[in-house]
Amino acid sequence: MEITGRLTGDATVKTLSGERKVVNFSIAINDSYRSGGEQKKITTFFECSYWLNTGIAGYLKKGGWVQLYGRVGANAYINGDGEAKASLTFHTSEVKLLGSTGSGGKRAVRTGRNRGEGSQRGKKRS
């Protein structure tokens, strides 16, 4: 699956047992539709994880525009107030940086299994 959105914050790297590391970040996807002649806007948030290269974390900054490839999941839980909650997750296998924050840059860097695992090789557009 492919999703495209804006980063809602800077990515973080978390170290787990066995010295495994994961890059965590979230993105927001804006969409709109018409209902009864009225324009409606919705935003969907995904909590994303990326396991292949922690070096990408330095490029994943709040407001950045990214295209992700991977698979969607869902988490359901009961919060501290006893309310049922859910969140969408995205297990990322490839990241494409489409633009940096506020500069309107056109940089595109692809990472992932099919692009040289553990590296940030890929296409750059000018």
With T12, which residues qualify under side-chain contact (heavy atoms from CB on, under 4.5 Å), at least two apart? N24

V13 reachable from L97 in the ILVMFWY side-chain graph, under 4.5 Å edges: yes

If we check side chain to side chain contact (heavy atoms under 4.5 Å, CB included) with L60, which of these qualifies: I27, V23, D10? V23

Qualifying residues under side-chain contact (heavy atoms from CB on, under 4.5 Å), relative to N30, sequence neighbours excluded: T43

Nearest 0.5 angstrom please: I3 CD1 to I29 CD1, how far? 4.5 Å

Answer yes if L88 and L68 sit in the same cluster of Ile, Leu, Val, Met, Phe, Trp and Tyr residues linked by side chain heavy atoms under 4.5 Å apart, and no otherwise. yes

Can a donor-acceptor pair be found, under 3.5 Å and without considering hydrogens, that links the side chain of D81 to the backbone of E83? no

In chain order, what residues pass the side-chain contact (heavy atoms from CB on, under 4.5 Å) check against I42, with sequence neighbours excluded? D31, Y33

Distance from T8 atom OG1 to K62 atom NZ, nearest 0.5 Å? 7.5 Å

The criterion is salt bridge (Lys or Arg N to Asp or Glu O under 4.0 Å); which residues satisfy it with E19, sequence neighbours excluded? none

Results of side-chain contact (heavy atoms from CB on, under 4.5 Å) for K41 - residues two or more places apart only: S32

Can you tell if the side chain of V95 reaches within under 4.5 Å of the side chain of L52, non-hydrogen atoms only? no

Would you say T92's side chain and G70's backbone share a donor-acceptor pair under 3.5 angstrom? no

May I ask you to decide if G63's main-chain N or O and R6's side chain share a donor-acceptor pair within less than 3.5 Å? yes

Is there a chain of hydrophobic side chains (I, L, V, M, F, W, Y, each step under 4.5 Å between heavy atoms) that links Y50 to V72? yes

In Å and rounded to the nearest 0.5 Å, what is the CZ to OG distance from F25 to S49? 7.5 Å

Interatomic distance, Y59 atom OH to L7 atom CG [nearest 0.5 angstrom]: 14.5 Å

Hydrophobic side-chain clustering at under 4.5 Å (ILVMFWY, transitive links): who's grouped with Y77? Put none if nobody. none

Hey, could you give me the CE/CZ distance between M1 and F90, rounded to the nearest 0.5 Å? 6.5 Å

